[in-house]
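Each remark here refers to the structure printed beneath this line.
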Amino acid sequence: MEVHHLHFDSIDSTNSYAKKHAHEFDSQKLTCIFADEQTHGRGRFSRTWLSKKGNLTYSLFLPTALLPDSPSNLAQMSAMAALEVLHTKGIELSIKWPNDLVTKGKKLGGILVEMTEQGAVIGIGINVNAPIEADQPTISLLEISGKEWDIEELHNSITLQFQKELACGFQKERYESVLAFLGQPVQIREADHTYDGIIEGVTKQGHLELKRKDGSITVLRTGEIQQLRSK
Ligand code: BTN
C-alpha cells in the first residue's frame, strides 16, 4: 500500500487535521499525519490527550477504497499493530478493550478512530520518551525500558504492521490472547448505562461479550472499563 507522509512540528491535533483535510488526500493511498507535538490532542469520550514532544503522536487516514469490509474493528486492529511491534522489541502489553495499550495497570497509549465521508481517521498516541501527567495512571516506554526510543522508527514500524493487520483482517483469537481482564469481573460504562459482568471475549467484529449475573451475554460496541471489583 502506498503511503503519503505529512510531518508537522506542532499542530492542534493530527486527527482534527485529517478530518478537516480528508477531501484533499489521495483516495487510493494511506496518508500519515505525524506531529512532534499537539496543542489540542483529543482522546476518546472528548477527553484531552496531552501530547508533549518526545511522544508518538500521529494519525493514519484510510480512504474508503482501502477500508476493510467491517471497519468497526479498525481501532482493535491498530492496537494490535502497536502491541505486535512493541512485543518484538521486548515490551509486554495487554489491550484494555477496545484499544488502550496497558501494562501493570497503567496506560501506555490509546487510539481514537473517527469516521469521515472520505474514510477513517485512526489517531495513535503512545507515551514514549516524555513524562505524562494525566487523570489516570500512565507509563512511558522510557519508564518501562530505561532507555530512550527512536520515535520515527517506531512510527514507521507500527504503520507497516497496521497494513499487515489490515491484509489479515481482525483476528478474534489473537486479540483475545492479549485482552486485559479476560474472565474477570468488570464494570463497563457506556453513555448513561453501566454494565456489570465477566469479560467472556469479543465477537468477530471486536465487540465486547460480557457475561451477566443471570448467565446472559451482553454485547457492547463501545464503552469503557470503569472499575474492577476483584483481580
Ligand atoms: C484515548 O486513549 O483516549 C485515545 C487517544 C488518542 C490520541 C491520539 S494522538 C494522535 C491523534 N490525534 C489526536 O488528537 N488524538 C489521537
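Note that ligands are numbered from 1 as they come in the structure, with each ligand's atoms numbered from 1 the same way. Both backbone and side-chain heavy atoms feed into the values below; hydrogens, waters and symmetry mates do not.
Annotation: salt bridge (charged side-chain N to carboxylate O under 4.0 Å, His left out) contacts involving residues 62-75, sequence neighbours excluded, are absent.
In summary, the side chains of Gln163 and Thr159 do not present any donor paired with an acceptor at a separation below 3.5 Å, with no hydrogens or angles considered.
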Determine all donor-acceptor pairs shorter than 3.5 Å in which one atom belongs to a side chain in residues 24-31; sequence neighbours excluded.
| unit_1 | atom_1 | unit_2 | atom_2 | d |
| --- | --- | --- | --- | --- |
| Glu24 | OE1 | His21 | ND1 | 3.1 |
| Glu24 | OE2 | His21 | ND1 | 3.2 |
| Asp26 | OD1 | Gln28 | N | 2.8 |

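Centroid-to-centroid, the aromatic rings of His5 and Phe34 stay 6.0 Å apart or farther. A ring-centre distance under 6.0 Å is found for Phe170 and Tyr175.
Side-chain atoms of Asn129 do not come within 3.5 Å of backbone N or O of Glu148 as any donor-acceptor pair. No donor-acceptor pair under 3.5 Å is formed between the side chain of Arg189 and the backbone N or O of Tyr195.
Residue Asp100 approaches ligand 1 through these ligand atoms, each under 4.0 Å from one of its heavy atoms: 2 (O). When each atom of ligand 1 is checked for a heavy atom of Gly125 under 4.0 Å away, the hits are 8 (C), 9 (S). In summary, the atoms of ligand 1 found under 4.0 Å from a heavy atom of Gly43, numbered by their order in the structure, are 1 (C), 3 (O), 4 (C), 5 (C). The distance from ligand 1 to the heavy atoms of Tyr58 drops below 4.0 Å at these ligand atoms: 10 (C).
Here the protein heavy atom with the shortest distance to atom 2 (O) of ligand 1 is Lys107 NZ, 2.6 Å. For atom 5 (C) of ligand 1, the closest heavy atom belonging to the protein is Trp49 CE3, 3.5 Å.
Considering only non-hydrogen atoms, atom 3 (O) of ligand 1 lies nearest to Arg44 out of His40, Arg44, Arg42. Here the shortest heavy-atom distance to atom 10 (C) of ligand 1, taken over Asn99, Leu56, Thr14, belongs to Thr14.
Looking at ligand 1, you'll find an N or O of Ser13 within less than 3.5 Å of one of its N or O atoms.
Using a cutoff of 4.0 Å between basic side-chain nitrogens and carboxylate oxygens, Glu165 and Arg174 are scored as salt-bridged.
At least one heavy atom of Gln38 lies less than 4.0 angstrom from ligand 1. Residue contacts with ligand 1 include Gly41, since one or more of its heavy atoms lies under 4.0 Å from the ligand.
Contacts between Phe45 and ligand 1, counted as non-hydrogen atom pairs separated by less than 4.0 Å, are absent for every part of the residue.
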